[in-house]
Amino acid sequence: MPAPPALDETDHLLLDLVQRDATRPLHELGDRVGLSPSAVQRRLTRLRAAGVIRAQVAVLDPRALGLGLTAVVLVELVEDGPGQDAAFRERMLAEPAVQQCYSVVGQWDYVVVLVTADLAAYREMSRRLFVEEELVRRYETLPTYEAVKPGPAPALPRPLPRP
């Protein structure tokens, strides 16, 4: 993996703004970070080319789409081998209800975040994903009660002053 690019304070401010709302116009971003719209565009282009900004996406509200249950699932595979691991990863990548999937170290092999309509839909999904193919030794489901801080906004490497 290549070393991360050198980022200055303006880059950090700009990244903080666009990861919260990438629809802001260039002139508004420029006003907030003290640059012209063209200078903001050049920085954003550089940050995309360097892989710092991987994508710009719309973050949807699952409840507005009738998806009322988010569950965190801890998964232990039957075997710890490349074949089982690849098959499980392929299954997670292919399933749209899987919002996130992390390979972890410790007593569990994976942490999976699923979004479904309700508990009945989750039960069907978990049977299909974790039971049918016999890849999974055990799994534990943690249905969520409330999204306290959802979203794909990683903390930037150092504290930023509020713009």
Side-chain angles (χ1 to χ4, degrees), residues 1-9 11-23 44 46-162:
M1 183 175 200
L7 303 175
D8 63 18
E9 187 67 28
D11 290 328
H12 282 270
L13 290 169
L14 189 56
L15 289 168
D16 187 52
L17 290 168
V18 297
Q19 81 172 347
R20 293 173 193 278
D21 182 0
T23 65
L44 291 174
R46 178 179 53 83
L47 292 166
R48 285 186 193 98
V52 175
I53 298 174
R54 289 190 305 185
Q56 288 181 225
V57 299
V59 178
L60 309 178
D61 181 350
R63 292 188 187 276
L65 299 169
L67 301 170
L69 177 69
T70 299
V72 177
V73 185
L74 307 172
V75 177
E76 180 185 3
L77 299 182
V78 171
E79 292 179 28
D80 190 19
Q84 291 251 335
D85 192 59
F88 183 79
R89 287 172 184 245
E90 195 173 299
R91 168 170 260 144
M92 295 303 103
L93 289 167
E95 176 53 57
V98 173
Q99 298 299 296
Q100 299 174 55
C101 180
Y102 299 94
S103 174
V104 295
V105 176
Q107 73 177 18
W108 300 99
D109 296 313
Y110 287 92
V111 174
V112 179
V113 178
L114 290 169
V115 177
T116 61
D118 53 27
L119 191 54
Y122 168 76
R123 288 184 63 153
E124 172 58 28
M125 175 80 51
S126 64
R127 182 189 57 73
R128 203 166 39 76
L129 290 177
F130 307 128
V131 177
E132 282 182 357
E133 294 294 316
E134 300 179 1
L135 295 170
V136 174
R137 176 179 322 241
R138 67 186 175 118
Y139 66 98
E140 183 175 332
T141 303
L142 304 167
T144 65
Y145 174 69
E146 177 184 13
V148 176
K149 187 181 179 185
L156 294 172
R158 58 189 168 127
L160 297 175
R162 292 279 170 212

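Because only heavy atoms are used, hydrogens play no part in the values below, and waters and symmetry mates are left out as well, while side chains stay in.
- Taking each heavy atom of Ala6 and Asp11 in turn, the nearest pair found is O-OD2, 4.1 Å.
- The shortest distance between side-chain heavy atoms of Val73 and Ser126 does not fall below 4.5 Å.
- To the nearest 0.5 Å, the span separating CD on Gln107 from CG on Leu74 amounts to 8.0 Å.
- In terms of heavy-atom proximity, Glu76 sits nearest to Trp108 at N-CE3, 3.6 Å.
- Annotation for Arg46: atom CZ counts as buried by contact number, over 12 foreign heavy atoms lying within 6.0 Å.
- The number of heavy atoms from other shown groups lying within 6.0 Å of CD (Glu140) is above 12.
- For the side chain to side chain contact (heavy atoms under 4.5 Å, CB included) test with Leu129, the passing option among Val98, Val136, Leu135 is Val98; the others fail.
- Counting only residues at least two apart or on different chains, the side-chain hydrogen bond (donor to acceptor under 3.5 Å, both in side chains) pairs with a member in residues 51-65 are Arg48-Gln56.
- Annotation: the span from Leu17 atom CG to Leu44 atom CG amounts to 10.0 Å, rounded to 0.5 Å.
- The CD atom of Gln19 sits 11.0 Å away from the CG atom of Leu14 when rounded to the nearest 0.5 Å.
- Between Arg137 and Asp109 there is no salt bridge, since no side-chain nitrogen of the basic residue lies less than 4.0 Å from a carboxylate oxygen of the acidic one.
- For the atom pair CG of Leu114 and OG1 of Thr141, the computed distance is 8.0 Å after rounding to the nearest 0.5 Å.
- Atom CG of Asp80 sits in a sparse spot, with 12 or fewer heavy atoms from other residues, nucleotides or ligands closer than 6.0 Å.
- Contact annotation: the side chain of Val78 never approaches that of Glu134 to less than 4.5 Å [non-hydrogen atoms, C-beta and beyond].
- Considering only heavy atoms from C-beta on, Phe88 comes within 4.5 Å of Val75 through its side chain.
- Of the inter-residue distances, the one linking Met92 atom CE with Phe130 atom CZ reads 5.0 Å to the nearest 0.5 angstrom.
- The main-chain N or O of Ala121 is never found under 3.5 Å from a side-chain atom of Thr116 such that the two would form a donor-acceptor pair.
- Separation of atoms OH (Tyr145) and CG (Leu69) is listed at 14.0 Å; rounding is to 0.5 Å.
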